[in-house]
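To find a chain, count down the sequence lines: A is the first, B the second, and so on, and within it residues start at 1. All values below come from the heavy atoms of this structure, side chains included, with hydrogens, waters and symmetry mates left out.
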Number of protein chains: 2
Amino acid sequence: MPDPKQTPMAQSLRQAGYRLTKPRMAVLQVLQENNASLNPEEICRRGKSIYEPLGLVTVYRTLEILDELGLVRRVHSEQHCHNYASAGIDRHYLICRECHRVIEFPCEGLHNLIEGVRQRTGYTITDHLLELSGLCPACQQKQETDQHSPANSD
Amino acid sequence: MPDPKQTPMAQSLRQAGYRLTKPRMAVLQVLQENNASLNPEEICRRGKSIYEPLGLVTVYRTLEILDELGLVRRVHSEQHCHNYASAGIDRHYLICRECHRVIEFPCEGLHNLIEGVRQRTGYTITDHLLELSGLCPACQQKQETDQHSPANSD
DNA sequence: GTGCTTGCAAACCCTTTGCAGTGAA
DNA sequence: TTCACTGCAAAGGGTTTGCAAGCAC
């Protein structure tokens, strides 16, 4: 990532008439580098390593703007409701419960399912949210390794 | 509903060793009569018509117990994260954005979809949350009626 | 230089906790 | 009668707002 000002997210921000400031670039960079759902506090902590004076209030305000522009998406889980994930995440995603990484998945089957529900219930369905959670391959492997290591009885 | 003490939800509460008190019965009754996702404040307001002295704090505490017993489910939506719906709602439901009614739908297709995602991504998928939202038949009809009425230009 | 943006402090709101009185078993 | 439960008041924690200084343009 040679120049944060050249990323698509940064460009979108400018095109929408917002100024490209250091705090905003820091938030953008955190979300781009961590493909995970993070809460504002965590984003702020990580953002401080990029731009030290970054304040939590600014993170909130920046997230609001980014959400409005569709550059980030709020991710709901059983515990947290103010987590955010980087752009490109559509309304169906897969979260690793260990590392909180978020990925999208192809959703052809989803549209069929929704159509079926519409026919059976008579509801007009205008929106959906499908959140799957589990373990990503890396965390699965890590767990197996941990189990095989005799010292680790946690 | 002749006797609220005889409902399955009330029985479950007793079986779990909790006392069946008037505030709790009021909360139960609200959730049973309104198949909608309601926030604690709304539950409290409606509960007061059943048992006037009902307090918001008790609603919170009761909801916590009911959630623990699996009698109610927390429903997440884009705006609210502390809404609750009556028991029986599994992790896939359909919310009407007008009347907030919540219904479940058959989910055979969902398991296929999840299995497909598992194969493609290598993730172990242990949990899911599928929330569809739109308009229920009643609210659709109401909207059409409103459109046909010339006085209503809202 | 202009005025959008920032960070601090404080306000705000929703949720949780402490406690003494109340009532279900 | 006992002690789990309740409601009030207050504390708590996360989010939003007000404002003067700062900086992108």
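When the salt bridge (Lys or Arg N to Asp or Glu O under 4.0 Å) test is applied to A/E68, no partner is found at least two apart in sequence or on another chain. Qualifying salt bridge (Lys or Arg N to Asp or Glu O under 4.0 Å) partners for B/R14, counting only residues two or more places apart in sequence or in other chains: none. Listed by chain and residue number, A/E115 satisfy the salt bridge (Lys or Arg N to Asp or Glu O under 4.0 Å) test with A/R118 (two or more places apart in sequence, or in another chain). A/A138 pairs by the side-chain contact (heavy atoms from CB on, under 4.5 Å) definition with A/C136, not counting sequence neighbours.
Separating the OH atom of A/Y84 from the C1' atom of D/dG14 is a distance of 13 Å, rounded to the nearest angstrom. The distance between atom CE of B/M25 and atom C1' of C/dA25, rounded to the nearest whole Å, is 13 Å. Between the CD atom of B/Q15 and the P atom of C/dA25 there is a distance of 14 Å, rounded to whole Å. Distance CG (A/L38) to P (D/dG14): 16 Å, rounded to an integer number of Å. The distance from atom CG of B/L56 to atom C1' of D/dA10 is 15 Å, rounded to the nearest whole Å. Rounded to whole Å, atom P of D/dG13 lies 15 Å from atom NE2 of B/H82. Between B/L13 atom CG and D/dC5 atom C1' there is a gap of 12 Å when expressed in whole angstrom units. Regarding B/E41, its CD atom lies at a distance of 14 Å from the C1' atom of C/dC12, rounded to whole Å.
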Sugar-phosphate or base contact per nucleotide [nucleotides 18-25 of chain D; S, B, -; heavy atom under 4.0 Å] = B-----BS
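Closest-nucleotide positions on DNA chain D for B/R24 and B/K48 were compared, and the one nearer the 5' end corresponds to B/R24. Along DNA chain D, the nucleotide closest to A/E64 and the one closest to B/G55 are compared, and the more 5′ of them pairs with B/G55.
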Using distance only, find each side-chain donor-acceptor pair of residues 49-59 of chain A under 3.5 Å and give its atom names and separation, not counting sequence neighbours.
from, atom 1, to, atom 2, distance (Å)
A/S49, OG, A/R46, O, 2.6

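At a threshold of 4.5 Å between non-hydrogen side-chain atoms, the residues B/Y123 and A/C96 count as touching.
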